[in-house]
Amino acid sequence: MSVDYDVVVIGAGPGGYVAAIKAAQLGMKTACVEKWIDEASKPVYGGTCLNVGCIPSKALLDSSHKYAEAAHGFDVHGIKVAKLEIDVPAMIARKAKVVKQLTGGIAGLFKANGVTGISGKGRLLKDRKVEVTAADGSKQVINAHHVILAAGSVPIEIPPTPLVPGVVVDSTGALEFQEIPKRLGIIGAGVIGLELGSVWSRLGSEVVVLEASEHFLAAVDQQIAKEAAKIFAKQRLDIRLGAKVTGSKVKDGAAPQVVVQFTDKEGAKEEIFDKLIVCVGRKPYTVDLLSDDCGVQKDERGFIKVDGHCGTGVPGVYAVGDLVRGPMLAHKASEEGVMVVENIAGHKASMNYDLVPAVIYTHPEIASVGKTEEQLKTAGIEYKVGIFPFVASGRALAANDSDGMVKMLADARTDRILGCHIIGPSAADLVQQVAIAMEFSSSAEDLAMMVFSHPALSEAVHEAALAVGGHAIHIANRKKK
Ligand code: FAD
Ligand code: AMP
């Protein structure tokens, strides 16, 4: 039997396209199968992340942040804006342009690196064969030495709130509003709900977030989550915890509205919204991906079962990204793709799952790496805490952006940094500095002894590291004798 490719990747999201490029760079004959096509039937690369996830949401977060700054944040700098307007269709069109530029860029990278893009829906058959069904229904079967499954995830739908185009939407629909909803309901106070809620709240929507759990941002360090809740309340995001949505009904009219039923500790309630965004999580997408006899197994939640190196147990077949266990994050997907391909090429690659940073792109951003205080307590690990508030940072004050703090956690005995949790300006970039230090097994004192530029936001990281040992300079942290 002839083998067509060394590596065939199914799915061209950040897990799949990065794996394909890396495989080609390592000299392997590589194809990437992607089912997404545009209006002209041309393949669209980049997956959820570039098309309807990370990038478009950040484009709208950046546009709406600029608007909110101009509306509420310029006065203090002495800047007067006579008449401020937002052109929502222009904002959405800019977002589409950014997406197009990036997805087109991947097509260019495929070409430059010699990756063959195959348009169609891939299905894994027995013996590392992949059946590809094109949009016109035609089928071909390709053979590969290695197959990487990278089919990603899709939004979860819940029975109480079936989607109604333009009114009850998922995260994808929420990126396409052409006008600002007067009252916007969001189900789920997770990462995506908070980011999308922020976009439309900044533009003037009255946003109500209904969250079934009693705990706000349960996976985040709870001191940071509490600070976030205070800041979001100041931003007039109305987050209702313990509010479980039980039903919805769209009222037709010139401007349709949606009535949402939910229960909280006081009993059954209702709210009326102009639009409702359902953000209750995502699930792995495995529809028609696996033939019955291909040997790949799924767990009870539908994720493809893999080992620590993303092997499925079927020789030569791997799965990465949102399809498998672990956080649903683009950078996690990409690094898994790289690890798999390097191992196929005979390297000894592995990934440090303990150091995958996570960010919520609200303003201020919330970013974390390593263990939370709650996790350390549960594990019975003794730790020291260093905290530095941005209100004591000269750079943050100069920018009038001083909400939040850096919190660093270090081992009480060895001083090794165990976690860092930041809510504040540029938290995503700041936490990466600590992630790098942690990868090199840095102690808090190692960071404390380094020279940081002044004035820079990263001084707050330096001061938090100093604070772990009780030596921060710009806060009153010394106990009276
Ligand atoms: P995907 O990106 O989902 O890509 C899978 C690809 O496979 C798709 O193109 C799909 O069409 C294709 N495919 C599926 N089945 C087949 C098949 N059988 N044959 C051929 N092709 C197939 N993550 C972050 O890290 N940072 C963020 O800021 C962030 N923001 C987000 C905002 C939103 C609104 C959303 C929805 C997600 C966000 N995410 C973010 C999550 C991130 O998008 C995902 O973790 C990431 O895209 C997962 O990558 P993946 O390659 O596993 O899958
Ligand atoms: P995430 O998994 O981070 O995307 O967050 C999704 C959130 O939606 C979780 O915090 C869930 O508790 C919440 N959620 C799920 N179902 C409902 C529901 N019926 N009503 C309100 N919140 C929900």
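Start at 1 with the first residue, then count along the sequence. Whatever order the structure lists them in is the order used to number ligands and atoms, beginning at 1. Treat the numbers as computed from the prediction; the structure is a model and nothing was measured.
Counting only distance, with no hydrogens or angles, the side chain of T30 and the backbone of M28 share a donor-acceptor pair below 3.5 Å. With hydrogens and angles disregarded, a donor-acceptor distance shorter than 3.5 Å links the side chain of E211 to the backbone of S213. Side chain of R240 to main chain of L210: no donor-acceptor pair is present (N/O by atom type, distance under 3.5 Å, no hydrogens or angles). Without hydrogens or angle criteria, E34 side chain to A12 main chain gives a donor-acceptor distance under 3.5 Å.
When hydrogens are left out, the protein atom nearest atom 7 (O) of ligand 1 is G11 CA, 3.2 Å; that is the closest non-hydrogen contact. Remark: minimum distance from atom 41 (C) of ligand 1 to any protein heavy atom is reached at M328 O, 3.7 Å. Counting only heavy atoms of the protein, atom 52 (O) of ligand 1 lies nearest to D322 N, 2.9 Å. The single protein non-hydrogen atom nearest to atom 8 (C) of ligand 1 is E34 OE1, 3.5 Å, given as residue, atom name and distance. Looking from atom 25 (O) of ligand 1 to the surrounding protein, the closest heavy atom is A330 N, 2.8 Å. For atom 22 (C) of ligand 1, the closest non-hydrogen atom of the protein is K35 CG, 3.8 Å. Nearest protein heavy-atom contact of atom 32 (C) of ligand 1 is G53 C, 3.3 Å. From the protein, the heavy atom lying nearest to atom 14 (N) of ligand 2 is V280 CG1, 3.7 Å. Of the protein's non-hydrogen atoms, G188 CA, 3.2 Å is the one closest to atom 8 (O) of ligand 2. Nearest protein heavy-atom neighbour of atom 11 (C) of ligand 2: E211 OE2, 3.5 Å. Protein heavy atom nearest atom 31 (C) of ligand 1, with residue, atom name and distance: C54 N, 3.4 Å.
Assignment of A218 to the shell around ligand 2 is not supported, since no heavy atom sits closer than 4.0 Å. Residue contacts with ligand 1: R123 is excluded, as none of its non-hydrogen atoms falls under 4.0 Å. Contact between L196 and ligand 1 is absent, with no heavy atom of the residue lying under 4.0 Å from the ligand. Close to ligand 1: V33, with a non-hydrogen atom less than 4.0 angstrom away. Distances from ligand 1 to the non-hydrogen atoms of G120 include at least one value under 4.0 Å.
Atoms of ligand 1 found under 4.0 Å from any heavy atom of W36 (numbered from 1 in listed order, with element): 9 (O), 11 (O). Per-residue contacts place L210 under 4.0 angstrom from the following atoms of ligand 2 (heavy atoms of the residue considered): 21 (C), 22 (N). With ligand atoms numbered from 1 in the order given, ligand 1 contributes 5 (C), 6 (C), 7 (O) to contacts under 4.0 Å with heavy atoms of A150. Each of the atoms 27 (C), 28 (O), 29 (C), 30 (N) of ligand 1 lies under 4.0 Å from some heavy atom of K58. Distances below 4.0 Å separate heavy atoms of I158 from the following atoms of ligand 2: 19 (N). Near I187, with a cut-off below 4.0 Å to any heavy atom, the atoms of ligand 2 are 18 (C), 20 (N), 21 (C), 22 (N). Heavy-atom contacts of G281 reach the following atoms of ligand 2: 2 (O), 4 (O), 6 (C) (cutoff under 4.0 Å). Residue-ligand proximity, S57 to ligand 1, at heavy-atom distances under 4.0 Å covers atoms 32 (C). Every atom of ligand 2 with a heavy atom of K244 under 4.0 Å away is listed here by number and element: 20 (N).
Looking at T133 and K139, their side chains do bring a donor and an acceptor atom within 3.5 Å of each other. A donor-acceptor contact under 3.5 angstrom links the side chains of K298 and T286, judged on distance only. Residues H363 and D401 bring a donor and an acceptor atom of their side chains to less than 3.5 Å of each other. A donor atom on one side chain and an acceptor atom on the other are found under 3.5 Å apart for R325 and Y353. Counting only N and O atoms by type, the side chains of K407 and Q223 include a donor and acceptor under 3.5 Å apart.
Distances between N or O atoms of A212 and those of ligand 2 include at least one value under 3.5 Å. Between V245 and ligand 2, at least one pair of N/O atoms sits closer than 3.5 Å. Checking only distances, Y361 never comes within under 3.5 Å of ligand 1, N or O to N or O. Residue-to-ligand polar distances place G15 within reach of ligand 1: an N/O pair is separated by less than 3.5 Å.
Scanning both residues, A150 and L323, for their nearest heavy atoms gives N-CD1, 4.0 Å. Of all the heavy atoms in L61 and Y361, the pair that sits closest is CD1-O, 3.4 Å. Residues S153 and M328 share a closest heavy-atom pair of CB-CE, 3.9 Å.
Under the 4.5 Å side-chain criterion, counting only non-hydrogen atoms from C-beta, S248 is not in contact with V259. At a threshold of 4.5 Å between non-hydrogen side-chain atoms, the residues V260 and V245 count as touching.
The side chain of I192, and not its backbone, has at least one atom closer than 4.0 Å to an atom of ligand 1 (non-hydrogen atoms only; side chain from C-beta on). The residue Y45 has no part lying near ligand 1, judged by heavy-atom distances below 4.0 Å. Here S171 has side-chain heavy atoms under 4.0 Å from ligand 1, and that is the only part of it that gets that close. Residue contacts with ligand 1, taken as heavy atom pairs separated by less than 4.0 Å, involve V52 solely via the backbone atoms N, CA, C and O. In S153, the part holding a heavy atom less than 4.0 Å from any atom of ligand 1 is the backbone. Contacts between A333 and ligand 1, counted as non-hydrogen atom pairs separated by less than 4.0 Å, involve the side chain only. Contact annotation for R282 and ligand 1: only side-chain heavy atoms (C-beta onward) come within less than 4.0 Å of the ligand. Heavy atoms of L329 found under 4.0 angstrom from ligand 1 belong to the backbone as well as the side chain.
Expressed to the nearest 0.5 Å, how far CG of L217 lies from CD1 of I239 amounts to 7.5 Å. Atom CD1 of residue I422 and atom CG of residue D221 lie 11.5 Å apart, to the nearest 0.5 angstrom. For the atom pair CD1 of I344 and NZ of K22, the computed distance is 12.5 Å after rounding to the nearest 0.5 Å. Rounding to the nearest 0.5 Å places CD of E365 at 6.0 Å from OG of S426. Taking CD from Q222 and NZ from K377, the interatomic distance works out to 10.5 Å, rounded to the nearest 0.5 Å. Expressed to the nearest 0.5 Å, how far OG1 of T362 lies from CD of E195 amounts to 7.0 Å.
For H215, the NE2 atom is loosely surrounded, since the number of other residues' heavy atoms within 6.0 Å does not exceed 12.
Considering each of S171, A243, G190, A189, the one bringing a non-hydrogen atom nearest atom 1 (P) of ligand 2 is G190.
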